[in-house]
Amino acid sequence: MFTGIITGVGRIAAVHDLGSSSSHGKRLSIATPVGYLDDVGLGDSIALNGACMTVTTLDPAQQLFTIDISAESLAKTAGLAEEATRVNLEKALRASDRLGGHIVSGHVDGIGTISHFAPVGESWELRVLAPPELARFLAYKGSITINGVSLTVNTVNDRADGSEISINLIPHTVDHTALGSLTAGSRVNLEIDTVARYVERMLQAGALPSAQKDSSP
């Protein structure tokens, strides 16, 4: 589990194929800030741009770690197979940590597209077009995770091609995450709020006919 509060910005230093076909994944080497890996061990979970990954090798002296990402994960995420890409990093939540953002699982629900990113006063306005299947989970003042960052939805505009949400980014967020590298057309990883996911399931279960709800396996 994560909180969507970014603890460091890394860089994809190298990408290696794990096989010769499209069914094989990649091995990524991630460069981190100095000291970031001091409390990380093999097998630990670190979210890369919102996608939970497992540390497979560590080289703290070089500030590097590696992860293996499957072809399926590559197909369902954005920006995790290109060298030199800046990535948001978050270590897994510990029981004693503050929950500063919201509950984040590190499982990407869909890929959005940046439709607008520009300064407004002292802040920045970020608009993201989410795919139609995620529209029902997006709400005014609700939570959304964009490339691993916990953010609050300011507006929701449902369209035929999806749902465009508007986010306000304060300078601290732009300066201390990789979101500042985004431009119109960039693809981003989206994770919906866990609470919205369970509400949707409860509503579906409540709509089932009584005979179907009461049936035993």
Side-chain angles (χ1 to χ4, degrees), residues 2 4-6 9-12 15 22 25-26 28 30 47-53 67 69-90 101-102 104-121 123-197 200:
F2 304 90
I5 303 299
I6 301 307
V9 176
R11 177 179 54 84
I12 300 178
V15 179
S22 60
K26 308 281 187 183
L28 308 183
I30 310 297
L48 274 63
N49 274 359
C52 178
M53 298 293 164
I67 61 99
I69 181 170
S70 68
E72 173 69 10
S73 293
L74 286 170
K76 297 297 175 63
T77 59
L80 294 183
E82 300 171 8
E83 287 190 18
T85 298
R86 297 172 73 231
V87 289
N88 294 316
L89 303 176
E90 183 185 355
H102 70 282
V104 175
S105 68
H107 300 153
V108 175
D109 292 303
I111 296 175
T113 303
I114 303 302
S115 55
H116 177 84
F117 189 33
V120 178
S123 299
W124 291 73
E125 183 188 16
L126 177 67
R127 296 182 207 154
V128 182
L129 181 62
E133 60 270 21
L134 297 187
R136 65 187 184 276
F137 299 105
L138 304 174
Y140 172 64
K141 296 302 181 185
S143 295
I144 182 75
T145 306
I146 299 177
N147 274 2
V149 184
S150 173
L151 297 166
T152 301
V153 176
N154 283 343
T155 64
V156 180
N157 178 26
D158 290 325
R159 305 173 1 180
D161 56 347
S163 185
E164 186 183 54
I165 57 174
S166 174
I167 308 287
N168 181 72
L169 299 181
I170 62 173
H172 179 88
T173 301
V174 175
D175 293 340
H176 291 85
T177 71
L179 295 183
S181 302
L182 298 175
T183 59
S186 296
R187 299 165 75 239
V188 290
N189 297 318
L190 303 177
E191 182 184 333
I192 59 172
D193 186 9
T194 299
V195 174
R197 192 192 313 275
E200 168 70 9

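- Put simply, the side chain of Glu164 never gets that close to the backbone of Asn157: no donor and acceptor are under 3.5 Å apart.
- Side-chain atoms of Ser186 and Thr183, non-hydrogen and from C-beta on, do get closer than 4.5 Å to each other.
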task = Evaluate side-chain contact (heavy atoms from CB on, under 4.5 Å) for Leu126 paired with Ile114, printing each intermediate quantity in order.
result = CA-CA 7 Å; Leu126 177 67; Ile114 303 302; 3.6 Å; yes

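- Looking at Pro131 and Leu190, their side chains come closer than 4.5 Å, going by heavy atoms from C-beta outward.
- Ser70 contributes atom OG, which lies 7.5 Å from atom CE of Met53 (distance to the nearest 0.5 angstrom).
- Atom-to-atom distance recorded for Glu191:CD and Arg197:CZ is 6.0 Å, nearest 0.5 angstrom.
- The shortest distance between side-chain heavy atoms of Ile192 and Glu200 does not fall below 4.5 Å.
- A pairwise comparison of heavy atoms in Cys52 and Ser105 identifies CB-O, 4.3 Å as the closest pair.
- Here the CG atom belonging to Leu28 is positioned 11.0 Å from the CD atom belonging to Glu82, to the nearest 0.5 angstrom.
- Remark: the backbone N or O of Val120 is not paired with any side-chain donor or acceptor of Ser123 at under 3.5 angstrom.
- Rounding to the nearest 0.5 Å gives a distance of 14.5 Å between OG of Ser143 and CZ of Phe137.
- When all heavy atoms of Val9 and His176 are compared, the pair lying nearest together is CG2-O, 3.6 Å.
- How far CG of Asp158 is from CD1 of Ile165: 11.0 Å, rounded to the nearest 0.5 Å.
- Here the side chains of Thr173 and Trp124 are not in contact, with every heavy-atom distance at 4.5 Å or above.
- Counting only heavy atoms from C-beta outward, the side chains of Val128 and Thr113 never approach each other to under 4.5 Å.
- Taking all atoms of both residues into account, the shortest heavy-atom contact from Ser163 to Val156 is OG-CG1, 3.3 Å.
- Of all heavy-atom pairs between Leu80 and Ala51, the closest is CD1-CB, 3.9 Å.
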request  = Verify side-chain contact (heavy atoms from CB on, under 4.5 Å) between Leu48 and Leu89, making sure each step is shown before the conclusion.
outcome  = CA-CA 5 Å; Leu48 274 63; Leu89 303 176; 4.1 Å; yes

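- For the side chain to side chain contact (heavy atoms under 4.5 Å, CB included) with Ile144, the qualifying choice from Leu134, Leu138, Asp193, Asp109 is Leu138, the only one to do so.
- Between atom CD of residue Glu125 and atom CZ of residue Phe117 there is a gap of 10.0 Å, rounded to the nearest 0.5 Å.
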task = Assess whether side-chain contact (heavy atoms from CB on, under 4.5 Å) is satisfied between Ile6 and Leu179, documenting all intermediate values.
result = CA-CA 11 Å; Ile6 301 307; Leu179 295 183; over 6 Å; no

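- Pairing each heavy atom of Ala139 with each of Val153, the nearest pair is O-CB, 3.4 Å.
- Annotation for Gly50 and Val108: closest pair O-CG2, 4.0 Å, computed over non-hydrogen atoms.
- Side-chain contact between Thr145 and His102 is present, with heavy atoms from C-beta onward closer than 4.5 Å.
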message = Could you walk me through whether Ile167 and Asn154 satisfy the side-chain contact (heavy atoms from CB on, under 4.5 Å) test, starting with their C-alpha distance in whole Å, then the side-chain angles of each, then the deciding distance to 0.1 Å, before giving a yes or no?
response = CA-CA 6 Å; Ile167 308 287; Asn154 283 343; 5.7 Å; no

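- When atom types are taken as modelled, the side chain of Asn189 and the backbone of Ala78 share a donor-acceptor pair closer than 3.5 angstrom.
- Between Leu151 and Leu169, the closest side-chain pair of non-hydrogen atoms falls below 4.5 Å.
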